[in-house]
Amino acid sequence: RVQLVESGGGSVQAGGSLRLSCAASGFTYSNVYMAWFRQAPGREREGVATICTSGGSRYYDDSVKERFTISRDNAKNTVYLQLDSLKPEDTAMYYCAARDDGYCHTGLLPRDLFGYWGQGTQVTVSS
């Protein structure tokens with residue numbers, strides 16, 4: 001069965017950096033569409049960035065462009081999210097998600113179309 005396990009969250013000051021990891025296993029297809037979402041208290045879960053394990057284009061929400069970088073290491077079955085120049089408004093629980101249909105989708109699909117989710121890792125940015 002598919003498992004997604006996030007790690008790397010923590011507490012940092014504004015301007016700091018963190019690297020989140022999502023260790024994945026159990027996929028049916030070799031090409032998997034992966035994403036990072038985040039959810040702050042009282043707000044809806046929003047997509048941050050996407051990538052396909054086969055390569056191809058990456059997507060970033062406007063709020064994180066030029067600050068966050070999504071990448072993958074297929075040998076380790078891991079997707080990363082590098083968070084730089086962090087702001088207090090980046091404070092949220094960050095979730096890894098996957099859609100295992102064998103296609104590399106462009107842009108960000110609605111969160112309801114992701115069938116697999118990790119448990120989340122907390123990122124807290126203080127001013």
Side-chain angles (χ1 to χ4, degrees):
R1 65 185 180 94
V2 173
Q3 283 192 308
L4 302 175
V5 181
E6 302 100 328
S7 61
S11 297
V12 297
Q13 291 191 325
S17 297
L18 287 170
R19 188 176 80 157
L20 308 184
S21 299
C22 173
S25 62
F27 291 123
T28 299
Y29 296 98
S30 59
N31 184 23
V32 182
Y33 175 70
M34 305 282 297
W36 284 96
F37 284 75
R38 66 184 180 185
Q39 187 168 19
R43 301 191 64 176
E44 289 192 356
R45 193 169 297 189
E46 61 179 5
V48 173
T50 69
I51 192 169
C52 289
T53 57
S54 63
S57 63
R58 303 173 190 185
Y59 163 88
Y60 295 97
D61 184 76
D62 286 345
S63 64
V64 305
K65 280 181 180 176
E66 308 300 328
R67 300 189 300 120
F68 292 6
T69 304
I70 191 169
S71 63
R72 74 198 193 283
D73 184 336
N74 290 345
K76 296 182 178 180
N77 294 320
T78 301
V79 173
Y80 302 98
L81 187 67
Q82 178 69 37
L83 288 63
D84 295 319
S85 302
L86 281 161
K87 304 175 181 180
E89 52 263 45
D90 294 317
T91 295
M93 184 73 78
Y94 283 70
Y95 297 91
C96 178
R99 180 174 172 85
D100 186 18
D101 62 2
Y103 293 98
C104 185
H105 302 276
T106 56
L108 175 67
L109 294 184
R111 62 180 184 267
D112 290 348
L113 296 184
F114 288 86
Y116 303 102
W117 293 84
Q119 81 289 350
T121 186
Q122 178 68 38
V123 172
T124 302
V125 185
S126 59
S127 58

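FYI, side chains are in, hydrogens and waters are out, and symmetry mates aren't considered; it's all heavy atoms of this structure.
The side-chain hydrogen bond (donor to acceptor under 3.5 Å, both in side chains) pairs that include a residue from residues 7-25 are Ser17-Asp84, where partners are two or more places apart or lie in different chains. Pairs passing the disulfide bond (SG atoms under 2.5 Å apart) check and including a residue from residues 25-69, sequence neighbours excluded, read Cys52-Cys104. Applying the ring-ring contact (aromatic ring centres under 6.0 Å, His included) definition to pairs two or more places apart or across chains, those involving residues 96-127 are Tyr33-His105, Tyr33-Phe114, Phe37-Phe114, Phe37-Trp117. Residue pairs meeting the ring-ring contact (aromatic ring centres under 6.0 Å, His included) criterion with at least one partner in residues 47-93, sequence neighbours excluded, do not occur; the list is empty.
Between the CG atom in Asn74 and the OG atom in Ser54 there is a gap of 8.5 Å [rounded to 0.5 Å]. One distance of note links CZ of Arg38 with CE of Met93; it measures 14.0 Å at 0.5 Å rounding. In this structure, the separation between CG on Leu18 and CD on Gln82 is 8.0 Å, given to the nearest 0.5 Å. Here Thr106 contributes atom OG1 and Arg58 contributes atom CZ; the two are 15.0 Å apart, rounded to the nearest 0.5 Å. With values rounded to the nearest 0.5 angstrom, Asp90 atom CG is found 11.0 Å from Thr124 atom OG1.
In plain terms, the two heavy atoms of Cys22 and Trp36 that are nearest each other are CB-CZ2, 3.6 Å. Of all non-hydrogen atoms in Ala24 and Leu4, the two that sit nearest each other are CB-CD2, 3.6 Å. Across every non-hydrogen atom of Gly26 and Val2, the tightest pair is O-CG2, 3.4 Å. A pairwise comparison of heavy atoms in Gly47 and Leu108 identifies CA-CD2, 3.7 Å as the closest pair. When all heavy atoms of Met34 and Cys96 are compared, the pair lying nearest together is CE-SG, 3.7 Å. Heavy atoms only, all atoms of each residue included: Pro88 and Ser127 are closest at CG-CB, 3.9 Å.
By the side chain to side chain donor-acceptor pair (under 3.5 Å) test, Gln3 is found to be paired with no residue, residues two or more places apart in sequence or in another chain being considered. Legend: residues meeting side chain to side chain donor-acceptor pair (under 3.5 Å) with Asp112, ordered by chain and number and at least two apart, are absent.
Within the 4.5 Å cutoff, the side chain of Arg99 has heavy atoms near those of the Leu113 side chain. A 4.5 Å side-chain heavy-atom check between Val79 and Ile51 finds at least one atom pair inside the cut-off. At a threshold of 4.5 Å between non-hydrogen side-chain atoms, the residues Leu20 and Val123 count as touching.
For Asp62 and Lys65, the salt-bridge test passes: some basic side-chain N is under 4.0 Å from an acidic carboxylate O.
In terms of modelled atom types and a separation under 3.5 Å, the side chain of Glu6 and the main chain of Thr121 share no donor-acceptor contact. Checked by atom type and distance alone, the side chain of Thr53 pairs as donor or acceptor with a backbone atom of Ser30 at under 3.5 Å. Using modelled atom types, one side-chain atom of Thr91 and one backbone atom of Val125 make a donor-acceptor pair closer than 3.5 Å. Checked by atom type and distance alone, the side chain of Arg111 pairs as donor or acceptor with a backbone atom of Arg45 at under 3.5 Å.
Hydrophobic clustering keeps Tyr95 apart from Phe27 (ILVMFWY residues linked when any side-chain heavy atoms are closer than 4.5 Å, directly or through intermediates).
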